[in-house]
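Order of appearance sets the numbers: ligands from 1, and atoms from 1 within every ligand.
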Amino acid sequence: MKHMNIPFSPPDISEDDILAVTNVLRSGWITTGPECKTFEKELSSQWMGGYRVAVMNSATAAMEITLRMLGVGSGDEVITSVYTYAATINVIRHVGATPILVDVEVDGYNLSTEQVARAITNRTKVIIPVDIGGYPCDYQRLYQIVESKQALFTGLPRSRIFHHADRVVILSDAAHSLGAKIGNDMSGSLADFSAFSFHAVKNLTTAEGGALSFTDLFGVSTDVIYREVMLWALHGQDKDALAKTQKGSWEYDILFSGYKCNMTDIAAALGRSQLRRYQQILDRRRELYKRYRTALPEPLYMDSWDIEVERQSSFHLAIMQMPGVREESRNQMLRAMAESGVTCNVHFKPIILLQAFYDLGYQQLDFPQALKRYQESISLPIYTQMQDEQQEYIIEKLCENYKNSL
Ligand SMILES: *Cc1c(COP(=O)(O)O)cnc(C)c1O
C-alpha cells in the first residue's frame, strides 16, 4: 500500500458544529447561559440515565469540586487506580487528601475491586474508579464492598451539605465512558458522582469541557447538590452572570471561596451539536474496534469489549496487547509504526512511574498487573473520521512491523 499519514485522534468537527458555534457568537450571549442549561438537560435525559448534570470546563474540575463539596481534605484517604491519567491523582492532592493507589485487575485495565476492599480504612472517604478506554468498572461489586465496610466509615464532617453521610462515596472518573452501559444503566448513573471529559481527544468534544452527574445522596436533594456545584464552579457567588442581568438584580454575595471553572455557551453549543450524532460516533468507534480486534495477527490481541453484552464500552481507546514483550520492544514497535506514518500512543504510564508521584513511596513490585499491561500495550488510532482503507493500512503496518521485530 501507498504511504499514509494517520494521526492518533483528531477531533471530528462537522459543518453543523461550526454553524452551532457561530450562531452563539452572533447571539449576544457567549458565556454560561441557555446553551449550557440545555446541554445539561440533554446529557441527563439521553446519556446519563436521568441523573442530574452540571457542565463545567473539565473533568478535572468536576472531580475536584466533588471532593471539595464532600469536604475531603487533609487526613482523609481517597482510593484510586495506579492506571490512570495524572488528573485523577492531582485532584486528590489539591484538596490535601492522600491518594491510595491500587493495582488493576488481572487481564484488564480497570482497578481491582479486591484490592479496593483491602485498601479501605477508617480514613477512606472516597473511591475513584476509572473507566479505562470507556469500559465501565464493576460498580455493583464496589457498592457491595463499600457497604460491607460501612462500620469503618467516620462521616464527612467538613462538608457544607452532607451532614448524614454513612458510607464511602464513589466518584467515577468517567472521562472516557460517555455512552457506556452496564445492562440498561448508562455511565453517569452507575456511581454517586461521575465526571466526564469533553477535551479535544475525547469521544465528544467541546475543545475543553466536562460534566458532573449525580443523584440525591444521604438525604440531600439533587437541587441542593446542583446549587452547591454551581457555587463551587463560580467563586461561591450566589448569582451567575445570566441571573445578574435580570432587572434590578445586580447585587450578589460570595458565600465561600469557590473556583472558576464554568462552561461557556460557545462550548456547550459545540457539545450539543456533537451530541446529536453521538450514537453514530459510538457505532463507528465500535466498528473500528471490532475490525482491529478481529484482524490482529496472533499473539497480538485486544480485550473483547465489542462482543460483551452486559458491559458495553464507549470505545474511547483501542489498546492492543503484545504478550510477553518487554518495554524496549514495545517502544521499538511504536517507533516503527511512526516511521510507517501511523501515530500510536500508550495509555497510561502508571502513576508511580511519574516523577511528581515518587514521594507517595510506592514500589513497582506493588503493581505487577498494571506494569505488565503498560509495558505490553500500544494504543492504536481510533477516531470517527478514519476511513476503512486507513484502518487496513494500519493493520498491514502492524503485521509487517511486528514480524520484523521477531
Ligand atoms: C482526559 C482525562 C481526564 C481529564 O479530563 P479533563 O477534561 O482534561 O480535565 C481525567 N481522567 C482521565 C482518565 C482522562 O483520560
Identify each donor-acceptor pair in which a side-chain atom of residues 98-105 lies under 3.5 Å from a protein atom, sequence neighbours left out, and give them as a table.
unit_1 : atom_1 : unit_2 : atom_2 : d
Asp103 : OD1    : Ala370 : N      : 2.8
Asp103 : OD2    : Gln369 : N      : 2.9

Will you find, in the side chains of [X] and [Y], an N or O donor that is under 3.5 Å from an N or O acceptor?
X      : Y      : value
Asn345 : Ser379 : no
Glu308 : Tyr135 : yes
Tyr139 : Asp131 : yes

All pairs passing salt bridge (Lys or Arg N to Asp or Glu O under 4.0 Å) where residues 137-149 contributes a residue, at least two apart: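 Residue pairs with at least one partner in residues 137-149: Glu114-Arg141.
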Could you go through ligand 1 and list every pair where one of its N or O atoms sits under 3.5 Å from a protein N or O, giving the atom names and the distance to one decimal?
unit_1   : atom_1 : unit_2 : atom_2 : d
ligand 1 : 5 (O)  : Ser197 : OG     : 3.2
ligand 1 : 7 (O)  : Ala59  : N      : 2.9
ligand 1 : 7 (O)  : Ser197 : OG     : 2.7
ligand 1 : 9 (O)  : Ala59  : N      : 3.3
ligand 1 : 9 (O)  : Thr60  : N      : 2.9
ligand 1 : 9 (O)  : Thr60  : OG1    : 2.5
ligand 1 : 11 (N) : Asp173 : OD1    : 3.3
ligand 1 : 11 (N) : Asp173 : OD2    : 2.8
ligand 1 : 15 (O) : His176 : NE2    : 2.6
ligand 1 : 15 (O) : Lys202 : NZ     : 3.3

Partners of Tyr278 by ring pair (Phe, Tyr, Trp, His ring centres under 6.0 Å), sequence neighbours excluded?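 In terms of ring pair (Phe, Tyr, Trp, His ring centres under 6.0 Å), with neighbours along the sequence ignored, Tyr278 is linked to Trp47.
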